[in-house]
Structure formats: structure tokens, C-alpha cells
Amino acid sequence: MTVTRWLAEYAWLPGRDEPTPDVLIEADEGLFTAVTPLLGGGPVAGVEVHPDAVRLPGVTLPGLANAHSHAFHRALRGRTHGGRGDFWTWREQMYAVAERLDPESYLALARATYAEMALAGITAVGEFHYLHHGPGGARYDDPNAMGAALVEAATQAGIRLTLLDTCYLSATVDGAPLTGPQLRFGDGDAQRWAERVSAFTPSPPPGSQAEGADPRVRVGAAVHSVRAVPADQLATVAEWAARHTAPLHVHLSEQPAENDACRAVHGRTPARLLADHGVLGPHTTAVHATHPTSADLNLLAGTDSGVCLCPTTERDLADGIGPAHRMADLGIPLSLGSDSHAVVDPFEEARAVELDERLRTRRRGHFTPAALLEAAGVTGHTALGWGDAGRIAVGARADLVTVRRDGARTAGVPPVGVFFAATAADVTQVVVDGRQVVADGRHLLVDVPVELRAAIEQVTR
Ligand SMILES: [Zn+2]
């Protein structure tokens with residue numbers, strides 16, 4: 001028993017509208033064992049009572065989840081903003097980076113990207129992974145070599161990973177074959193996808209997992225989109241996920257063009273098509289859902305599917321604004337993802353959900369700060385299969401994210417205001433599964449700027 005104790009100046013506890021002052025938090029073997037508000041004793045008094053407690057000045061949040069990531073897109077940040085264009089022209093640039101990656105360079109890029117996430121307060125990432133094979137679609141000796149590189153990257157960066165292994169088979173809704181860089185994404189058909197994924201059983205290296213907690217890596221499934229998985233292949237992916245009680249994610253209605261093509265080919269919307277083939281359900285997360293119909297929203301709600309919003313990417317790619325408030329009203333669980341990593345900042349991602357709604361409606365007050373925290377914390381973790389994380393509560397995984405209140409952006413801000421004032425740069429301490437990963441705003445395992453620069457130079461020069 002090596003109990004770790006922290007004394008949080010403020011901690012945001014489950015079910016509370018705002019952070020609670022003076023909370024003693026204890027953990028053992030990667031799980032919280034006691035969470036005790038000291039009821040006005042004050043941090044100084046608390047330290048006297050518990051001299052071994054690590055003080056956490058500022059506001060301490062539960063671990064935040066990044067429910068939608070494509071790690072290699074990080075290499076595109078700042079390189080695609082000069083010209084005109086839209087999602088489709090951006091995609092050409094993204095493919096150019098994809099063409100250059102191999103397991104070694106992907107490990108370096110993903111390790112630095114995941115470490116950037118840790119610095120931002122992200123304790124678990126859902127990697128929507130479709131860059132499976134070598135140039136031209138040639139299989140690596142280990143056909144899961146790219147997935148293994150991502151697992152290793154997350155382990156080295158100190159955060160949990162759900163590898164959402166993505167089925168990607170066709171180039172268009174009407175089934176055109178993959179060409180060029182897309183050949184690296186394809187397994188041929190869903191059955192061969194399932195066989196490859198079933199053979200992938202990553203085990204974290206010895207000593208890398210918190211004792212007492214589950215491993216830090218999960219494998220889930222993803223349907224890239226109705227564009228990339230033909231209708232007659234969808235059920236195979238859904239059945240694999242159901243058989244493994246694995247999270248199942250799918251890009252949904254990010255672009256009006258996808259909706260139009262799906263209607264033209266299948267006579268129904270993408271959401272309807274997914275529902276008809278068993279893809280929607282309580283373990284399913286639809287990513288984006290920027291352009292759903294009212295019937296689509298009812299389908300998502302009626303099947304208990306979740307939605308992962310990616311507001312900073314959706315704004316960067318000129319996708320549009322998803323109907324977040326209508327989704328919340330229907331009881332659809334909302335999570336958040338940084339997707340293309342134009343920005344990696346869970347605070348910016350969370351407040352964008354509210355602020356975008358304000359722009360659309362010209363009214364304020366659609367989401368409370370506690371609702372934004374729920375999306376970034378417990379709902380995001382649940383969407384990735386970590387139902388035991390995202391809450392500072394006894395029995396939950398011991399993740400803590402501390403935001404300073406003595407910086408230029410947060411000075412004078414009430415504790416409840418962190419989601420509207422702080423940025424990723426205000427995160428000072430991060431604990432994942434009881435292990436400290438970030439201290440005083442520095443990653444303890446990775447020199448993030450140096451490694452990011454080197455890894456990106458390698459795939460963009
Ligand atoms: Zn995506």
C-alpha cells in the first residue's frame with residue numbers, strides 16, 4: 001500500500017455545479033480510495049492535518065478525454081491555412097503526409113502528439129486509426145505494425161489509448177475502389193478487417209500499467225464513414241464490436257456532400273443507413289453529426305448512440321455547426337475530440353460547444369460549465385470504453401488535471417469559470433492512473449516541442 005494524497009485548493013466533484021474548496025484526495029494502485037471535502041478547514045489547515053499531501057493550487061478537474069483523434073494530422077497544423085478550399089482540398093494535403101509515414105516515424109509523431117495532449121490535460125485518447133498498411137497497400141510483416149506504433153506512443157506519452165481500428169474499404173458512397181494514398185487504409189473487405197483486428201492484442205510493456213487498474217490500452221472498432229464502408233459490409237464491423245463489447249465509432253454527416261451522395265445511392269440518410277445495418281447503439285459514437293436531419297437526431301437518441309463533437313476542427317475545415325443543444329435536449333451523450341489537431345485544447349473545445357450555439361441562436365446559456373466538464377470528462381471516457389474514469393470519486397481511475405488560477409488568463413477568475421477562461425497552457429499538473437505525467441506545466445517523459453518539431457520535419461520536408 002502506497003497511498004498518494006493530494007490536497008486540492010478546489011476540486012470539481014461529480015454532480016456539483018462548481019468546484020469544491022479544500023478537498024483531500026487519496027489514491028492507491030491507480031484508483032481513488034477517498035475523496036474528502038475538508039469543509040472550510042482551509043488549505044493551510046489541511047496541510048497541517050496531512051503533511052504528506054501534495055498541494056494542488058488552482059482548480060483540479062477529473063481526467064479529460066479526447067474522444068476523436070487522428071494523430072498524424074498534427075503534422076498539418078498551420079500548413080493548410082493560407083489558401084482557399086474546404087474539407088476536400090484539405091484532405092489532399094492530409095493524404096500527402098499519410099503517404100510518408102511508416103511505423104517508426106508514426107511512433108515518433110504520435111508519441112509527441114499524445115504528449116502534447118497530456119500537457120493539455122487529456123488522460124485518454126480515442127485514436128480513429130485507418131493508416132494500416134504500407135505504400136500501395138502492402139502489408140507489413142506484422143499487419144498491425146501501425147496500430148502497435150500508436151499503442152507504444154500512448155504508453156510512452158503516459159496516457160491511456162483506445163485504438164479505434166477503422167474499417168476503410170471504398171473511396172465513394174457508390175463503392176469506387178481505393179486509389180493512391182487510400183490504398184494504405186484498405187483491408188479488402190470487412191471480414192479481412194475483422195481478422196486483422198482480432199489478431200491484434202496489444203499488451204502494454206511491463207511496469208507501464210497501474211497496478212490494480214485495467215490495462216491502459218483498449219481496442220475498439222470504427223466505420224470510417226458511409227463513404228468508405230459499403231452498406232453490405234457495415235454489419236460485419238458492427239457485429240465484431242458487439243461480440244467484443246468494444247466501442248464503435250463512425251464519422252457521420254460531417255459534410256452535406258456525404259448526405260447527398262448517400263441519399264442518391266441508398267435512398268436514405270447516412271444515419272438511417274447505419275441504423276439499418278446495426279451500427280447505431282449504446283456503444284456507438286457518431287463523430288461530428290454536423291448536418292443531421294431531425295429524424296437522424298431521433299434515431300441517434302432512440303438507439304442511445306452518443307455524438308462526439310469536434311468544434312475546433314469543424315470550424316477549421318468550414319464544416320458547419322452541429323446542433324449540439326438539440327442533441328443534448330434529446331438526451332444524446334456528447335463527447336469532445338480534437339480530430340485534426342488544428343488545436344489541442346480541451347478547454348477551447350468545450351467552450352466552443354456553447355459559444356458556437358450562441359453564434360447560431362444569438363442567445364447565451366445553452367450549456368452550464370458542469371455540462372461542458374461532463375462532456376470533456378466522464379462522457380468522453382465512457383465513449384472510449386473507460387466507464388471508470390472522468391470523475392473524482394472513490395473507485396474511479398486516479399486521474400487529476402490541475403488548472404492554475406495565478407496566470408494571466410485565469411487570475412481573478414472564479415473557480416467555476418475555468419472552462420471559459422483557461423487554455424491548455426494553464427494546465428500545471430496531470431496525473432493519469434495515479435502516476436504524475438505533467439508537473440509544473442512540463443511533461444515528465446517527453447520534451448514535447450523538440451519532439452514535435454523533429455517528427456513533423458521528418459514527414460513534411
Ligand atoms: Zn475524424
Side-chain angles (χ1 to χ4, degrees), residues 65-77 80 86-98 101 106 109-110 113-114 117 122 124-132 146-147 150 161-171 173 181-182 184-186 220-229 237 247-259 270-271 274 279 284-292 305-322 324 334-346 349 352-353 375 380 383-384:
N66 188 354
H68 189 66
S69 161
H70 308 284
F72 74 90
H73 294 189
R74 175 62 180 83
L76 294 168
R77 185 185 296 174
T80 67
D86 57 12
F87 170 88
W88 307 101
T89 48
W90 168 86
R91 196 177 71 158
E92 293 306 313
Q93 296 170 282
M94 183 266 282
Y95 282 172
V97 172
L101 286 161
Y106 205 6
L109 178 56
T113 302
Y114 294 157
M117 291 183 195
I122 289 161
V125 59
E127 178 67 29
F128 198 103
H129 166 54
Y130 54 82
L131 185 55
H132 301 303
M146 294 295 259
L150 293 165
L161 170 75
T162 299
L163 188 80
L164 299 159
D165 195 299
T166 303
C167 186
Y168 196 125
L169 305 172
S170 57
V173 176
Q182 296 174 331
R184 300 190 65 178
F185 311 159
V223 166
H224 181 276
S225 55
V226 297
R227 179 159 43 80
V229 179
V237 183
L248 173 60
H249 287 218
V250 52
H251 287 132
L252 177 70
S253 295
E254 181 176 5
Q255 295 294 323
E258 174 191 310
N259 289 356
L274 294 175
V279 175
T284 299
T285 297
V287 180
H288 301 300
T290 307
H291 301 283
S305 303
V307 167
C308 178
L309 304 166
C310 308
T312 65
T313 291
E314 290 149 10
R315 74 164 74 131
D316 184 69
L317 296 180
D319 286 345
I321 303 171
L334 299 179
S335 53
L336 301 170
S338 67
D339 190 5
S340 69
H341 313 315
V343 173
V344 171
D345 186 333
E349 214 72 59
V353 175
L384 297 177

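Being a predicted model, the structure only gives us computed values, none of them experimental. Whatever order the structure lists them in is the order used to number ligands and atoms, beginning at 1. Numbers for residues simply follow the sequence, beginning at 1.
- Here the side chains of L334 and L309 are in contact, with some heavy-atom distance below 4.5 Å.
- Atom OH in Y106 sits 8.5 Å away from atom OG1 in T113 (nearest 0.5 Å).
- Coordination check, D339 versus the Zn ion (ligand 1): passed, since an N/O/S atom of the residue sits under 2.8 Å.
- Here H70 meets the criterion, with an N, O or S atom under 2.8 Å of the Zn ion (ligand 1).
- Taking CG of L131 as the start and OH of Y168 as the end, the distance is 11.0 Å to the nearest 0.5 Å.
- One of the N, O or S atoms belonging to H251 lies under 2.8 Å away from the Zn ion (ligand 1).
- Taking the six-membered ring for Trp, Y130 and H70 have ring centres closer than 6.0 Å.
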